[in-house]
Amino acid sequence: MNRFIYQININFKRIILRNKRFFLFDMMLPIVFYLLYSKVLVTGIPQTDLKTWQMNYLISMIIYSCLLGSIITVANTLLEDKTSHFDILSQLTPLPRWQYYLSRILIFLLLNLISSIGICLVGIFVNNLTLSITTWSLIILITIIGTVPLIFIGILISLANNPATVNMLNNLLVFPLAMISGLWWPITMMPKWLQSIGKLTPTFELSNIDQSILHGKIIDNQYVLGIILWLVAIGTTTLLITKYQKYKELDIE
Amino acid sequence: MSTIINVEHLNKNYGQKEILHDLNFKVDHDQIIALIGENGAGKTTLINILLNLISTNSGTVSILDNAKDLKERIGVMMQSNISITRITVKEILKLTQSYYKNPLPYEKLIELANLKKLENSKMNELSGGQKRHLAFALAIAGNPDLLFLDEPTAGMDSQSRTKFWQTISTLKSQHKTIFVTSHYLEELETIADRIMILQNKSIDFDGSIAELRSLEGESMVEFDSELLPDLFKSIPDIIDFKNIGNHYRFTTKNAESLMEKITPYLNAISNLKVQQNSLDSLFVNFNKGDANHE
């Protein structure tokens, strides 16, 4: 166990702590968005609705930050492990493959935790948002757990093994996903057909669970089930592709 | 002595192209085996097969009797360097050590790999030669019984290379088995117990350097002379004869009989040189001989 914690510690420093890209991209971008749309460009919103808007948009930006971290950072980090030959090094050692991925998943969850806390702190100190410790903790905890399917999407994209393809897939997926699941602007502003697609996305489902916690409502089981189904579907696809790639690698150098 | 590597009837194709054909060999404990061959001969493919990174089309490969803790007992220095960002030499070594049950002690590891001064350097800022030292350290981090070294000294300066091969000798004396490929044949010459020449998709020679010398010529004799080449053509045991202008070069199994034969003409000979054939020239001769046989 000590060894596993040591491995997590070193990889945490390497992937998060010393990674300026993480702080700029995964944390600062959603914070800037949040400040812009909750503090600066809020002239049309009545004062009575402003706090609710600031709260709701905070949830959206926490999930947006986790979306960036879980897909773009995960895919790029795992791809970097491959291009730097770190992946092959670990395959030649006794380190089990599942342990390699588990340590990465834990680090990516930590990454999402740090950015979630960062955005919450901005909400508290800049917009004076007040919630009980329990509600803040619950929102963060549920968000972190809910991002596991997104991390699997990042792992799945990294299996493309090619920087250009990985970048293309990241851009094709992350920004449309943020838009249609209502993270940038309310989903009701979109056409009905797009809304029906958006409501099936894991980010929309997670956002709704968090909104329910925020407003003290009962969590709709449909959204919980939706996230579990996403996790099973993407997890199984990732596993199958990994096994297929291993078979192909053994066959073709 | 028990068998460390056992390869039987190994065949490997990439699509329609045959890379390795019916390879058979065994490797015993405490040996340094040098696998040599021209570029593209299939050396790295063979190593990747032994490491189970790629599959065979047919044949069997057994490493350390397919022990359950196989990866604990194998160390690999790949041809390509590992260059990870945002991590120091010390961190990557300690991280790699943490993957093994009985790793080499850290201090011993950096001493063997000559990395003491680079401990706190960032891995991606190392020079090519320094990265080879680090790759070696990563290969021996788990204190392996069997070590694969693919082009280990490529990019190292001459002083580092000398020290590197001294370390390899030390490891051999500690009962390690070492399987090495390199294009620096003069380095392998002094260290290898056994030479395997991979050529034409198969192991064309497998034996000691002394055996290769007896096959391809012990010595090389060179001199300048204005005498006619016909005088030297009937000398026995000549394996290779070259005459360019006034320069003569012989590769022979028996340098003494050659010297006897040319003694009467010593007054007409200058710049006489007699030397033991290097692995480099033995390999060239072997390739040439093989091409002539085809």
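In the text below, chain A, chain B and the rest are named by the order of the sequence lines, each starting its count at 1. Side-chain atoms are counted along with the backbone in the values below, which use heavy atoms only and exclude waters and symmetry mates. Nothing here was measured: the structure is a model prediction, and the numbers come from that model.
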Quick one: [atom1] on [X] to [atom2] on [Y], what's the gap to the nearest 0.5 Å?
X        : Y       : atom1 : atom2 : value
B:Lys101 : A:Arg3  : NZ    : CZ    : 8.5 Å
A:Asn2   : B:Ser98 : CG    : OG    : 11.0 Å
B:Ile84  : A:Ile10 : CD1   : CD1   : 11.0 Å

More than 12 heavy atoms of other residues, nucleotides or ligands under 6.0 Å from [atom1] of [X]: is that the case?
X        : atom1 : value
B:Glu119 : CD    : yes
A:Ile133 : CD1   : no
A:Tyr37  : OH    : no
A:Lys82  : NZ    : yes

(request) Kindly determine whether B:Lys122 and A:Arg18 satisfy side chain to side chain contact (heavy atoms under 4.5 Å, CB included), including the steps that lead there. (result) CA-CA 12 Å; B:Lys122 283 184 184 160; A:Arg18 296 171 188 161; over 6 Å; no
Segment of [X] engaging chain B (4.5 angstrom heavy-atom cut-off):
X       : value
A:Gln99 : neither
A:Asn19 : both
A:Leu17 : neither

(request) Tell me, with the steps shown, if A:Leu92 and B:Phe148 meet side chain to side chain contact (heavy atoms under 4.5 Å, CB included). (result) CA-CA 11 Å; A:Leu92 290 168; B:Phe148 288 95; over 6 Å; no
(message) Could you tell me if the side chain of A:Arg14 sits less than 4.5 Å from the side chain of B:Met123, heavy atoms only?
(response)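 Contact flag for B:Met123/A:Arg14 side chains = no.
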(message) Can a donor-acceptor pair be found, under 3.5 Å and without considering hydrogens, that links the side chain of A:Lys13 to the backbone of B:Arg86?
(response) no
Part of [X] within contact of chain A (heavy atom distance under 4.5 Å):
X       : result
B:Ile82 : both
B:Ile92 : side chain
B:Thr85 : both
B:Asn81 : backbone

(message) I'd like to verify something: which residue of A:Leu89, A:Thr83, A:Asn9, A:Ile88 has the highest number of heavy-atom pairs under 4.5 Å with chain B?
(response) A:Leu89
(request) Output, in order, the C-alpha distance, side-chain angles, deciding distance and verdict of side chain to side chain contact (heavy atoms under 4.5 Å, CB included) for B:Leu95 and A:Asn11. (result) CA-CA 9 Å; B:Leu95 183 67; A:Asn11 282 313; 4.2 Å; yes
(message) Can you give me the closest heavy-atom contact between A:Pro94 and B:Tyr100, atom names plus distance?
(response)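 Heavy-atom minimum between the residues: CD-CE2, 3.3 Å.
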(request) Output the option from B:Ile87, B:Leu70, B:Asp69 having the highest count of non-hydrogen pairs under 4.5 Å with chain A. (result)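 Answer, by heavy-atom pair count under 4.5 Å with chain A: B:Ile87.
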